[in-house]
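Have a look at the structure below, then the notes.
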2 protein chains.
Amino acid sequence: MDDTTALPLDAETKVSERPADHEAELRLWLRLFTCTTLIEGEIRRRLRDTFDVTLPRFDLMAQLDKAPGGMTLGELSKRMMVSNGNVTGLAERLATQGLLERRASPTDRRAQFVSLTPEGRKTFRTMARTHENWIAELFAGLGRDDTEKLMTLLARAKASARKAVTAGEK
Amino acid sequence: MDDTTALPLDAETKVSERPADHEAELRLWLRLFTCTTLIEGEIRRRLRDTFDVTLPRFDLMAQLDKAPGGMTLGELSKRMMVSNGNVTGLAERLATQGLLERRASPTDRRAQFVSLTPEGRKTFRTMARTHENWIAELFAGLGRDDTEKLMTLLARAKASARKAVTAGEK
DNA sequence: CCTATATATTTTAGGCTTAAAGTATTTGCG
DNA sequence: CGCAAATACTTTAAGCCTAAAATATATAGG
């Protein structure tokens, strides 16, 4: 995944002959992807080595930590942006570990609420503190201005992508 | 994954009381991750719906397309930044589809070279053209300046992360 | 009430991914 | 040469993930 290749600077080439030259966007996507992958991989590695937990389980616990009363699997699925079947399995494994508990919804016999057990909450809070420091460490080379500018530009990129995605859903 | 929550603007809080407040970096990571995930998911969906191909297979073919003479599985593994076992399986499935061919290395009986078949190359080139347009479409909302600035900032972020990763490998 | 449709979840089949263990071969060195 | 270590690859076990089908329940309309 090298994204450092020099651009072929063929300003002479007629547009009609290269109607779809989107080199710049392709290179941006490659860089965005490798950058994210690099960080994500390191976080996965550290979570595993330090806490023996996977990133998906950490993410699920993070969602539950923000919702003290718990939530349904469907709600969890929406917030995590993954399929229903996926959260079914993740919740199952976390419940086996004693970190998550399920209870039936009093109003809807199809649904179940899930929430962190006291142990799950304690475990998550510990991990979350360390996790936050790792992220800070990984971004330590960025100044405050860079961070803010990146936030803004990524928001624009996200909005752009979201628009293209929803446009195709009509 | 909402990263739109307002920052708790507690400038009054003493540093000593909140020694590890890395909220900004955490929010940056969340945004970077959701942005990438959004685009990646859409590309996966379109590759599947349009060409009945997975992203990992597309990525592997992209590497081979850049190396006309083929390369070893180990080289492929390094370039794709995935495990050896992973490319073994991917290459196996692509070979079954007739898109990739293997031949023994003349000099090393442990190694094998893989390359695209003529059909594989043709198939990949077709997909790649469309893929490039999709990426351009997803980033269409970004101006040229935004794109360039993002490239620069992501390069900095990548360098920062790389440094933190290698520092832990000593 | 009864039925059609919608919703919440689980199950299934298939593919991706890794770490770790295993196999075959090559290379370096005494 | 002979053998220890390194290398290229495959296999295995476990987990993650999705789309699609299946199950159970809820809701709306006649």
Side-chain angles (χ1 to χ4, degrees), chain A residues 1 33 36-38 40-61 70-97 99-100 102-114, chain B residues 1 33 36-38 40-61 70-97 99-100 102-114:
Chain A
M1 295 226 181
F33 186 74
T36 301
T37 301
L38 175 66
E40 187 186 348
E42 182 67 10
I43 294 299
R44 279 182 196 272
R45 208 169 358 261
R46 293 189 186 191
L47 282 174
R48 181 170 47 74
D49 295 349
T50 312
F51 299 115
D52 195 31
V53 76
T54 65
L55 184 54
R57 291 184 205 190
F58 179 82
D59 286 344
L60 193 156
M61 292 175 82
M71 65 181 87
T72 64
L73 290 183
E75 180 64 22
L76 207 40
S77 158
K78 247 177 255 148
R79 296 204 194 187
M80 293 178 72
M81 303 193 297
V82 299
S83 68
N84 279 345
N86 193 353
V87 295
T88 296
L90 284 171
E92 169 62 30
R93 289 183 282 269
L94 283 169
T96 302
Q97 288 185 275
L99 301 173
L100 172 153
R102 301 183 253 206
R103 61 184 190 289
S105 162
T107 60
D108 187 338
R109 277 191 295 173
R110 293 168 306 177
Q112 64 178 302
F113 279 86
V114 290
Chain B
M1 297 221 181
F33 186 74
T36 301
T37 301
L38 175 65
E40 187 186 348
E42 182 67 9
I43 294 299
R44 280 183 196 272
R45 209 171 356 262
R46 293 188 186 192
L47 282 175
R48 181 171 47 75
D49 294 348
T50 311
F51 299 114
D52 196 29
V53 76
T54 64
L55 183 54
R57 291 184 203 189
F58 179 82
D59 286 344
L60 193 156
M61 293 176 81
M71 66 179 87
T72 64
L73 290 183
E75 181 63 24
L76 207 40
S77 158
K78 248 177 253 147
R79 296 204 195 186
M80 294 178 71
M81 302 192 299
V82 300
S83 67
N84 279 344
N86 194 350
V87 294
T88 296
L90 284 171
E92 169 62 31
R93 290 182 283 267
L94 283 169
T96 302
Q97 288 185 272
L99 301 173
L100 173 153
R102 300 183 254 206
R103 61 185 192 288
S105 162
T107 61
D108 187 338
R109 276 191 295 174
R110 292 168 307 177
Q112 64 179 303
F113 279 85
V114 290

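All of these numbers come straight from a predicted model, not from anything done at the bench. Proteins come first, then strands; the chains are lettered A, B, ... in the order of their sequence lines, and each starts at number 1.
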From [atom1] of [X] over to [atom2] of [N], roughly how many Å is that when rounded to an integer?
X: Glu75(B); N: dT7(D); atom1: CD; atom2: C1'; result: 14 Å
X: Arg44(A); N: dA14(D); atom1: CZ; atom2: C1'; result: 14 Å
X: Glu40(B); N: dT17(C); atom1: CD; atom2: P; result: 9 Å
X: Arg48(B); N: dT18(D); atom1: CZ; atom2: C1'; result: 8 Å
X: Asp59(B); N: dG15(C); atom1: CG; atom2: P; result: 18 Å
X: Met80(B); N: dC16(C); atom1: CE; atom2: C1'; result: 11 Å
X: Glu92(B); N: dT11(D); atom1: CD; atom2: P; result: 8 Å
X: Asp52(A); N: dT18(C); atom1: CG; atom2: P; result: 18 Å

Nearest-nucleotide 5' precedence on DNA chain C, Arg45(A) against Thr54(B):
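Its nearest nucleotide lies further toward 5', so the answer is Thr54(B).
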Pick the closest DNA chain C nucleotide for Thr107(B) and for Thr72(A) by heavy atoms, then say which residue is nearer the 5' end.
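Nearer the 5' end of the strand: Thr72(A).
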Arg103(B), Arg102(B), Glu75(B) screened by side chain to side chain contact (heavy atoms under 4.5 Å, CB included) with Val114(B), the one that passes:
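Only match with Val114(B) under side chain to side chain contact (heavy atoms under 4.5 Å, CB included): Arg102(B).
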Passing option when Arg57(B) is tested against Leu94(B), Leu100(B), Leu47(B) for side chain to side chain contact (heavy atoms under 4.5 Å, CB included)
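For Arg57(B), the side chain to side chain contact (heavy atoms under 4.5 Å, CB included) check succeeds only for Leu94(B).
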Just compare [options] and give me whichever is closest to any side-chain atom of [X].
X: Ser83(A); options: dC16(D), dT18(D), dC16(C); value: dT18(D)
X: Gln112(B); options: dC9(D), dT7(D), dA8(C); value: dC9(D)
X: Asp108(A); options: dC16(C), dT9(C), dA26(D); value: dA26(D)
X: Leu73(A); options: dT25(C), dT10(C), dC9(D); value: dT10(C)
X: Asn86(A); options: dT25(D), dT18(D), dG15(C); value: dT18(D)
X: Arg93(B); options: dT25(C), dC16(C), dT9(C); value: dC16(C)
X: Ala111(A); options: dA8(C), dA8(D), dC16(C); value: dA8(C)
X: Pro56(A); options: dA26(D), dC16(D), dT10(D); value: dC16(D)

With a non-hydrogen cut-off below 4.0 angstrom, is [X] in contact with a base, only sugar-phosphate, or nothing?
X: Asn84(B); result: base
X: Gly85(A); result: base
X: Val87(A); result: nothing
X: Arg102(B); result: nothing

On DNA chain D, compare the nucleotides closest to Arg110(A) and Leu90(A); which residue's is nearer the 5' end?
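Of the two residues, Leu90(A) wins.
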Does dA26(D) have OP1 or OP2 sitting under 4.0 Å from an N or O in the side chain of Arg109(A)?
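Yes, because at least one side-chain N or O of Arg109(A) sits under 4.0 Å from OP1 or OP2 of dA26(D).
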So, is Thr88(B) near the phosphate of dT10(D), with a side-chain N or O under 4.0 Å from OP1 or OP2?
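True: Thr88(B) side-chain N/O within range (under 4.0 Å) of dT10(D) OP1/OP2.
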Between Glu40(B) and Arg44(B), does a side-chain contact (heavy atoms from CB on, under 4.5 Å) hold up when you go through it step by step?
CA-CA 6 Å; Glu40(B) 187 186 348; Arg44(B) 280 183 196 272; 2.7 Å; yes
Would you check if the side chain of [X] reaches a backbone N or O of [Y] as a donor-acceptor pair within less than 3.5 Å?
X: Ser77(A); Y: Val82(A); result: yes
X: Thr96(B); Y: Glu92(B); result: yes
X: Thr72(B); Y: Phe113(B); result: no

